[in-house]
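See structure below.
Computed from a predicted model, the values in this text were never measured in an experiment. For ligands, and for the atoms within them, numbers begin at 1 and follow the listed sequence. Values below: all heavy atoms of this structure, side chains included; hydrogens, waters and symmetry mates excluded.
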Amino acid sequence: MAVNSFFGKSYISIDQIRNRGQVEWLFKVADKMKLKVEKREVYEPLKGYSVAVLFYQPSTRTFTSFVAAAKRLGAYVTSVHGMEQFSSVTKGETLEDTIRSIYQTTAADVIVIRHPENNSSLVASEVSPVPIINAGSGKQEHPTQALLDLYTIYHYQGTMDNLRVVMVGDLLYGRTIKSLAKLLAVVSKKTKLTLVAPDELAAPAELVKALKKKLTVVETNQLSEAVIKNADVVYMTRVQKEWFEAAGKMDEYERLKDNFILTRHMVSKMKKLAMVMHPLPRVGEILREVDEDGRAKYFEEMRSGLYVRMALLESILIK
Ligand code: NCD
């Protein structure tokens with residue numbers, strides 16, 4: 001029997017997901033949230049609770065869906081975008097002190113954070129008196145995105161097992177694919193993962209090694225017809241420009257950014273019930289012409305974010 005393993009805890013890494021039961025629990029709660037949203041039902045179990053949402057990196061979907069999720073559940077919400085620009089971090093304040101401050105000033109019951117450092121959520125959780133939710137940390141983790149991605153896959157494929165998943169693009173700097181791949185490795189049986197990246201942007205070797213213990217993993221630098229025609233999921237990602245900028249490697253970015261472009265013609269070769277996914281934002285890697293194909297699921301994928309984040313907030317705060 002699945003139980004709520006999220007109550008009272010921070011959710012900072014996909015490594016906290018130990019078995020499928022934890023995910024099934026959360027997806028049931030997400031299904032409940034979906035029904036309530038679709039019926040426009042007023043459901044406010046978090047009335048009186050305080051949720052703080054702090055973003056130190058740009059975001060459209062993750063930020064708005066966390067804020068919308070917390071508000072729909074009735075919480076008091078304090079949300080700050082542009083922390084890196086407008087908070088006391090510009091005066092030299094540490095992340096630890098900021099977390100302590102936000103807890104005090106907002107009487108937060110949970111703090112959601114996105115930050116460019118890999119260990120930011122961990123550091124925050126060490127000083128925070130209340131649970132931390134990682135909304136994206138550095139190049140390493142995006143554990144709520146992985147849950148919403150899997151929720152979307154489960155919804156359309158009706159299973160978590162026996163899937164052929166193709167992950168394409170920047171597998172070195174992108175955090176969404178790392179979290180989703182690790183999640184699949186824990187919950188999915190008999191799944192085959194094909195990792196498609198230019199050699200310079202291949203997934204870190206230690207990650208691939210760990211994935212291979214649980215999944216069949218194939219690596220290639222070609223997005224060929226053979227790769228996509230048997231896929232159940234083709235998960236595209238953008239080349240992460242900001243990390244090239246920070247490293248002064250914009251020439252390399254320009255050279256790599258258009259390596260893989262998914263066209264309508266390519267999608268037409270996929271199975272009828274296959275899905276094209278993308279955490280978004282897309283830059284040029286999925287042509288607009290793909291949007292009209294029924295296999296394009298990247299817009300619906302975003303709505304899953306609202307349901308899954310509502311489920312997570314409720315599961316962490318209410319027993
Ligand atoms: C992703 C991220 O921030 O890692 N976006 C998102 O949360 N949906 C993907 C990206 O920025 O490429």
Side-chain angles (χ1 to χ4, degrees), residues 11-14 30 53-70 79-84 112-121 132-153 165-183 195-198 201 203-204 207 233-247 253 256-262 275-286 296-310 312-313:
Y11 179 53
I12 54 181
S13 166
I14 226 53
V53 182
L54 310 178
F55 273 49
Y56 289 78
Q57 283 183 303
S59 171
T60 300
R61 284 146 286 274
T62 312
F63 184 78
T64 53
S65 62
F66 262 117
V67 170
S79 57
V80 189
H81 220 316
M83 283 293 287
E84 72 285 11
V112 180
I113 178 174
R114 165 172 290 196
H115 193 283
E117 298 290 334
N118 287 344
N119 65 353
S120 47
S121 282
I132 296 288
I133 301 178
N134 181 355
S137 53
K139 310 175 187 76
Q140 217 71 43
E141 285 268 9
H142 199 341
T144 66
Q145 178 76 37
L147 287 172
L148 78 88
D149 287 338
L150 184 63
Y151 183 74
T152 312
I153 294 171
V165 180
V166 180
M167 293 179 170
V168 187
D170 186 345
L171 310 185
L172 178 63
Y173 298 119
R175 53 195 173 197
T176 63
I177 69 100
K178 291 172 191 147
S179 290
L180 179 58
K182 287 203 281 179
L183 181 60
L195 301 174
V196 186
L201 300 179
L207 173 67
V233 177
V234 173
Y235 189 103
M236 301 294 294
T237 65
R238 75 184 167 97
V239 177
Q240 308 273 303
K241 185 177 176 191
E242 55 273 37
W243 301 115
F244 291 86
E245 245 158 19
Y253 171 73
L256 297 171
K257 73 178 177 20
D258 294 325
N259 229 281
F260 304 118
I261 297 177
L262 198 67
M275 341 164 34
V276 178
M277 298 179 70
H278 195 307
L280 301 179
R282 68 172 151 182
V283 191
E285 57 283 345
I286 300 180
K297 297 291 187 236
Y298 31 90
F299 296 127
E300 287 89 341
E301 187 181 346
M302 290 186 267
R303 179 59 68 82
S304 301
L306 176 63
Y307 306 145
V308 166
R309 288 172 177 132
M310 287 173 77
L312 198 57
L313 286 169

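Side-chain N/O atoms of Asp149 and Thr152 include no donor and acceptor closer than 3.5 Å.
Annotation: cation-pi pair Arg114/Phe55 absent, no NZ/CZ under 6.0 Å from the ring centroid and within 45° of its normal.
Side chain of Ser179 to main chain of His142: a donor-acceptor pair is present (N/O by atom type, distance under 3.5 Å, no hydrogens or angles).
Residues satisfying the side chain to side chain donor-acceptor pair (under 3.5 Å) criterion with Tyr298, sequence neighbours excluded, are Asp291. Annotation: salt bridge (Lys or Arg N to Asp or Glu O under 4.0 Å) contacts of Arg61 (sequence neighbours excluded): none.
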Are any protein N/O atoms closer than 3.5 Å to the N/O atoms of ligand 1? If there are, list each pair with names and the distance to one decimal place.
from	atom 1	to	atom 2	distance (Å)
ligand 1	3 (O)	Arg114	NH1	3.2
ligand 1	3 (O)	Arg114	NH2	3.3
ligand 1	3 (O)	Arg175	NH2	2.9
ligand 1	4 (O)	Arg175	NE	2.8
ligand 1	5 (N)	Leu280	O	3.1
ligand 1	7 (O)	Thr62	OG1	2.9
ligand 1	7 (O)	Arg114	NH2	3.0
ligand 1	7 (O)	His142	NE2	2.8
ligand 1	8 (N)	Gln145	OE1	3.2
ligand 1	8 (N)	Pro279	O	2.9
ligand 1	8 (N)	Leu280	O	3.2
ligand 1	11 (O)	Arg238	NE	3.4
ligand 1	11 (O)	Arg238	NH2	2.9
ligand 1	12 (O)	Arg238	NE	2.7
ligand 1	12 (O)	Arg238	NH2	3.4
ligand 1	12 (O)	Gln240	NE2	2.8

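Within the structure, salt bridge (charged side-chain N to carboxylate O under 4.0 Å, His left out) contacts touching residues 135-144 (residues at least two apart or in different chains) are Glu141-Lys182.
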